[in-house]
Peer 1: 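Got a structure for you, questions after.
Whatever order the structure lists ligands and atoms in, that order sets their numbers, starting from 1. Residue numbers count from 1 along this sequence.
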Amino acid sequence: MKKIGVLTSGGDSPGMNAAIRAVVRTAIFHELEVVGIRHGYAGLMNGDFLPMDRSSVADIIHRGGTILLSARSEEFKTLEGRKKAYQKLQDEGIEGLVVIGGDGSFRGAKKLAEEFDFPVIGVPATIDNDIPCTDYSIGFDTAMNTVIDAINKIRDTATSHERTFVVETMGRHAGFLTLMSGLAGGAESILIPEMPFDIDDVIEKLKHGYARGKLHSIILVAEGIGDDFKTNRDINESKAFAIGKIIQEKTGFETRVIILGHLQRGGSPTALDRILASRLGAKAVELLLAGEKGKMVGIIHDEVKAFDIEYALNQKKELNEDIYHLAHILSL
Ligand code: F6P
């Protein structure tokens, strides 16, 4: 193998740049040429290529976002689109590909590997942390810290005005980000898609809190919670607003709603995310050099491991219910 490509795809996450840096520098260390592919799979189909050397990834380890830019591509979901992409890889002489992204990006990687017998390795990067076969995905730790920072600030003003705040967090269909941020941020209630809840229990808990002198309450709501609180990203349709309305009506407490939104995707990656990205990015290149294809890298109990992407995509990442119950007990 002489030349590899690297791209970032789907929703960006802090630490993607650190992963690109690790891929490029590990590849160069092993005397491979590296091509950066801009705009994810869309750029791959259009041949949006950028030759990369050591200095092209200098001064990026601390930067959020992705220097290669990211996109979600409908065309790549079609066989025609993937044929186009494969042809571009052939034309450019790229013999292996590292895909940094979430589960949608992994589905594309799996198809490319299967249909064209092409060596592709996936590196998990999403603030949702919903990818199986890895304890953590790149960006999750930073996003948690961003949510906690937001909760701290909200708590200040909530206390001053003795208000209840409903805070909506990202995570798509998963509650990992909400649960862990809720535990670390000391939220009164954590509402996530994986755990059914009764809004009346949430309200009772709030009332008890106020009865024993609490000056504020924070309810953390995952954007993906159930059908009763239909969500889309239209702010007026947000489930958090629906919940805030019910709470205000049923308790009479002054309630405010805040949607943290895309600020959870930005910011300088934490040390943990930079380290994770460096380890996973390097391992992806080593797997390509070892002749592997259709694999993803993950971290399990602090050990970097490889799994078949197909196997990973057939698993469901389980939420730790003990943590959910612990958060409840600690907030009583
Ligand atoms: O998958 C990452 C994520 O930020 C989800 O948490 C969220 O639901 C989605 O992407 C938002 O997507 P977009 O940036 O396309 O609005």
Side-chain angles (χ1 to χ4, degrees), residues 7-17 19 39-43 64-66 68-77 99-109 122-134 136-151 167-182 185 190-194 220-227 229-242 257-270 273 276-277 280 296 298 309 312-313 316-317 319:
L7 62 81
T8 49
S9 159
D12 63 350
S13 70
M16 277 185 161
N17 280 329
H39 299 105
Y41 291 123
T66 160
L68 290 177
L69 311 176
S70 193
R72 302 187 202 273
S73 168
E74 285 305 313
E75 193 185 351
F76 192 75
K77 290 183 185 157
V99 171
I100 303 168
D103 59 347
S105 313
F106 278 21
R107 262 183 273 282
V123 175
T126 165
I127 64 162
D128 302 341
N129 203 33
D130 57 348
I131 301 180
C133 298
T134 187
Y136 299 106
S137 55
I138 298 164
F140 176 62
D141 185 62
T142 308
M144 271 194 301
N145 281 286
T146 300
V147 175
I148 292 164
D149 183 50
I151 291 176
V167 182
E168 186 181 290
T169 41
M170 275 188 169
R172 204 179 288 273
H173 306 299
F176 298 98
L177 179 61
T178 313
L179 174 60
M180 300 307 251
S181 310
I190 299 170
L191 311 184
I192 51 177
E194 294 85 348
L220 216 54
V221 178
E223 65 175 350
I225 57 163
D227 299 335
F229 298 99
K230 208 170 144 258
T231 200
N232 55 40
R233 276 181 290 285
D234 174 345
I235 205 159
N236 297 313
E237 298 276 335
S238 156
K239 281 172 269 189
F241 279 101
V257 177
I258 178 163
I259 298 186
L260 297 184
H262 288 80
L263 72 82
Q264 295 161 98
R265 290 239 298 262
S268 177
T270 58
D273 272 330
L276 180 64
L280 295 185
M296 66 164 276
I309 293 187
L313 289 175
K316 183 168 165 29
K317 187 161 182 170
L319 190 108

Peer 1: Any atom of ligand 1 sitting under 4.0 Å from a heavy atom of Gly171?
Peer 2: yes
Peer 1: Can you tell me if Thr178 and Thr169 form a side-chain donor-acceptor pair at under 3.5 Å?
Peer 2: yes
Peer 1: Does Gln264 reach ligand 1, in the sense of a heavy atom lying below 4.0 Å from it?
Peer 2: no
Peer 1: Can you figure out which of Asp128, Asn129, Asp12 has its heavy atom closest to atom 6 (O) of ligand 1?
Peer 2: Asp128
Peer 1: Taking atom types as modelled, is there a side-chain donor on Asn145 or Thr270 under 3.5 Å from an acceptor on the other?
Peer 2: no
Peer 1: Exactly one of Asn17, Val99, Thr66 should register a side chain to side chain contact (heavy atoms under 4.5 Å, CB included) with Thr8. Which one does?
Peer 2: Thr66
Peer 1: Charged N to carboxylate O below 4.0 Å: is that the case for Arg265 and Asp12?
Peer 2: yes
Peer 1: Which of these, His173, Arg265, Met170, Glu223, has its nearest heavy atom closest to atom 10 (O) of ligand 1?
Peer 2: Arg265
